J.: 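There's a structure below that I have some questions on.
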Amino acid sequence: MKKGLLITVEGPDGAGKTSVLQEILPLLNTLLAGQLVTSREPGGVVIAEAIREVILDLNHSAMDAKTELLLYIAARRQHMVEKVKPALEQGQCVIMDRFIDSSVAYQGYGRGLDIEAIQWLNHYATDGRLPDLTLYFDVSSDIGLSRISQNGQREVNRLDLEQLELHQQVRAGYQALAKAYPERIVTIDASQDFESVVADTVQVLRPFLAKHQGEES
């Protein structure tokens, strides 16, 4: 691969996107001949992981919405310059668990902050780099929160404790983004059983990666 690819996975809490990504990693490594880098937001590098701990700490309930946003943006910038950009420049495929759309959905639609300001900050932090493909795992807030409560192994963070209304607003934000950017955001029905969600995800990724590799050959 000569040209790096940036693929992001998004979804409301409890959508199961992280589990799906873990399930398909062996296949992706095969399809990409080992040219795969996986990461997450916030996090991925030491500084961004430290910021993640601050953001998601259950004891930080007094955190202001704008403070929360700016911490996410700071983590995104460090992650971008330290890990994502170098990998893309080397022609690798970077798959990230959350990216710019999360800020619009959570801090924009969820917290009610100015969406144009968030988009400007995203652009500033990433030097304008957009995902080549975004997989949006859509699930109702009731199902998502129910899954969280039943999963004893999942990390419970500050955002999981928010009221149902915020999670519903976040989902509405993601749905609005999917409608606004159909050229890069593909919606996957995450309310299905796990095997079906995995199959649908592979069905999207296989032709996308094959097309990209064909263009580079």
Side-chain angles (χ1 to χ4, degrees), residues 5-21 39-42 55-56 63-77 79-80 84 94-148 157-192 196-197 200-201 203-205 208:
L5 270 181
L6 178 57
I7 299 173
T8 58
V9 294
E10 297 277 1
D13 292 288
K17 58 183 176 48
T18 305
S19 298
V20 172
L21 181 56
S39 199
R40 68 174 182 176
E41 282 204 352
I55 295 173
L56 300 181
M63 186 177 294
D64 174 74
K66 289 184 179 179
T67 301
E68 180 181 85
L69 169 64
L70 292 171
L71 285 171
Y72 275 114
I73 295 297
R76 178 163 300 137
R77 176 60 185 175
H79 184 223
M80 192 76 188
V84 179
V94 179
I95 297 186
M96 289 207 302
D97 190 341
R98 299 201 181 283
F99 191 46
I100 55 174
D101 296 314
S102 284
S103 293
V104 176
Y106 279 85
Q107 283 72 52
Y109 284 84
R111 301 293 193 201
L113 298 183
D114 183 80
I115 291 175
E116 288 187 7
I118 295 172
Q119 291 173 328
W120 184 91
L121 286 167
N122 276 334
H123 187 276
Y124 185 68
T126 63
D127 296 322
R129 185 60 161 92
L130 294 172
D132 297 291
L133 172 68
T134 297
L135 302 176
Y136 164 53
F137 293 84
D138 183 56
V139 70
S140 72
S141 302
D142 290 329
I143 293 176
L145 293 177
S146 175
R147 288 175 177 175
I148 291 172
N157 60 59
R158 186 172 57 84
L159 296 180
D160 293 332
L161 304 181
E162 295 286 351
Q163 297 297 316
L164 176 62
E165 182 181 3
L166 179 132
H167 292 281
Q168 292 172 333
Q169 291 168 341
V170 167
R171 185 191 184 202
Y174 273 124
Q175 291 175 326
L177 285 166
K179 184 176 181 180
Y181 303 103
E183 71 283 356
R184 74 167 174 87
I185 300 179
V186 176
T187 299
I188 293 174
D189 180 4
S191 67
Q192 306 174 90
S196 297
V197 178
D200 286 355
T201 303
Q203 189 174 17
V204 173
L205 285 173
F208 177 81

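Both backbone and side-chain heavy atoms feed into the values below; hydrogens, waters and symmetry mates do not. None of the values given here were measured: they were computed from a predicted structure.
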J.: Are the charged groups of K17 and E10 less than 4.0 angstrom apart, N to O?
T.: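 E10 and K17: not salt-bridged.
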J.: How far apart are the C-alpha atoms of N122 and V104, what are their side-chain angles, what is the distance that settles it, and do they pass the side-chain contact (heavy atoms from CB on, under 4.5 Å) test?
T.: CA-CA 9 Å; N122 276 334; V104 176; 4.0 Å; yes
J.: Give me the atom names and distance for the closest heavy-atom approach of M80 to T126.
T.: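 Between these two residues, the closest heavy atoms are CE-O, 3.9 Å.
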J.: Give a yes or no on whether the backbone of Q192 and the side-chain of S196 come within a donor-acceptor separation of less than 3.5 Å.
T.: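 Pair absent, no side-chain N/O of S196 close to backbone of Q192.
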J.: Can a donor-acceptor pair be found between the side chains of T187 and Y174 at a distance below 3.5 Å?
T.: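 No, no side-chain donor-acceptor pair sits under 3.5 Å.
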J.: Quick one: side-chain contact (heavy atoms from CB on, under 4.5 Å) partners of V186, sequence neighbours excluded?
T.: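 With sequence neighbours excluded, V186 shows a side-chain contact (heavy atoms from CB on, under 4.5 Å) to L133, L135, V204, given in chain and number order.
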J.: Under the 6.0 Å and 45° cation-pi test, does R76 pair with F99?
T.: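 Satisfied, under 6.0 Å and within 45°.
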J.: With sequence neighbours excluded, tell me which residues meet salt bridge (charged side-chain N to carboxylate O under 4.0 Å, His left out) with D64.
T.: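 Here no residue qualifies.
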J.: Using only atom types and a distance under 3.5 Å, with no angle test, would you say the side chain of S141 pairs donor to acceptor with the backbone of H167?
T.: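 Checking the backbone N and O of H167 against the side chain of S141, a donor-acceptor pair under 3.5 Å is found.
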J.: Measuring from R111:CZ to Y106:OH, what's the distance to the nearest 0.5 Å?
T.: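 Reported to 0.5 Å precision, the distance equals 10.0 Å.
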J.: With a 4.5 Å heavy-atom cut-off, do I115 and Y109 have their side chains touching?
T.: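 A side-chain contact under 4.5 Å exists here.
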J.: Would you say that L6 contacts M96 through its side chain, given a criterion of any heavy-atom pair below 4.5 Å between the two side chains?
T.: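 Side chain of L6 against side chain of M96, heavy atoms only: contact under 4.5 Å found.
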J.: State, yes or no, whether a side-chain contact exists between Y136 and Q175 at a heavy-atom distance under 4.5 Å.
T.: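 SC-SC contact between Y136 and Q175 confirmed.
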J.: Over all heavy atoms of both residues, which pair between A15 and A190 is shortest? Give the atoms and the distance, please.
T.: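 A15 and A190 have their closest heavy atoms at O-CB, 3.4 Å.
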J.: Out of curiosity, L121 CG to I73 CD1, how far, rounded to the nearest 0.5 Å?
T.: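 Nearest 0.5 Å value for the CG-CD1 distance: 5.0 Å.
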J.: Which atoms form the tightest heavy-atom contact between L166 and G110, and what is the distance?
T.: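 The answer is CD1-O, 3.7 Å.
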J.: Are R147 and V139 close enough, and set up right, to give a side-chain contact (heavy atoms from CB on, under 4.5 Å), and what steps lead you there?
T.: CA-CA 11 Å; R147 288 175 177 175; V139 70; 4.1 Å; yes
J.: Got a salt bridge between D114 and K66, using NZ or NE/NH1/NH2 to carboxylate O under 4.0 Å?
T.: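 Between K66 and D114 there is no salt bridge, as every charged N stays at least 4.0 Å from the carboxylate O atoms.
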J.: Tell me which pairs pass salt bridge (Lys or Arg N to Asp or Glu O under 4.0 Å) where either residue lies in residues 168-186, with sequence neighbours left out.
T.: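 As it turns out, the salt bridge (Lys or Arg N to Asp or Glu O under 4.0 Å) pairs with a partner in residues 168-186, which skip direct neighbours, are D101-R184, D138-R171.
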J.: Can you find a heavy atom in the side chain of L205 that is under 4.5 Å from one in the side chain of I7?
T.: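 With C-beta onward as the side chain, the pair touches.
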J.: Is there side-chain contact between F137 and S191, with heavy atoms separated by less than 4.5 Å?
T.: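 Result no, sub-4.5 Å side-chain heavy-atom pair not found.
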J.: Is the closest side-chain heavy-atom distance between L164 and L145 below 4.5 Å?
T.: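 Of all side-chain heavy-atom pairs linking L145 with L164, at least one is under 4.5 Å.
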J.: Less than 4.0 Å between a side-chain N and a carboxylate O, is that true for D132 and R129?
T.: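 Yes.
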J.: When you measure from the side chain of S102 to the backbone of R98, do you find a donor-acceptor pair of N or O atoms at a distance under 3.5 Å?
T.: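 No, S102 side chain to R98 backbone: no donor-acceptor pair under 3.5 Å.
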J.: Rounded to the nearest 0.5 Å, what separation is found between the CG atom of D200 and the CD1 atom of I188?
T.: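 Rounded to the nearest 0.5 Å, the CG-CD1 separation comes to 6.5 Å.
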J.: Before you tell me yes or no, could you show the steps for I95 and L5 under side-chain contact (heavy atoms from CB on, under 4.5 Å), namely the whole-Å CA-CA distance, both residues' side-chain angles and the distance that decides it to 0.1 Å?
T.: CA-CA 8 Å; I95 297 186; L5 270 181; over 6 Å; no
J.: Checking D142 against S140: is there a side-chain donor and acceptor pair closer than 3.5 Å?
T.: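 Their side chains do not contain a donor-acceptor pair, so the 3.5 Å distance test is not met.
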J.: Quick one, L177 and I185 - any side-chain contact, counting heavy atoms below 4.5 Å?
T.: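 The answer is yes, as the side chains (C-beta and beyond) meet within the 4.5 Å cut-off.
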J.: Counting neighbours of CD on Q203 that are heavy atoms of other residues, nucleotides or ligands and sit closer than 6.0 Å, is the number greater than 12?
T.: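 Count not over threshold, so no.
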J.: Take L113 and L69, measure what side-chain contact (heavy atoms from CB on, under 4.5 Å) needs, and give me the verdict at the end.
T.: CA-CA 9 Å; L113 298 183; L69 169 64; 3.9 Å; yes
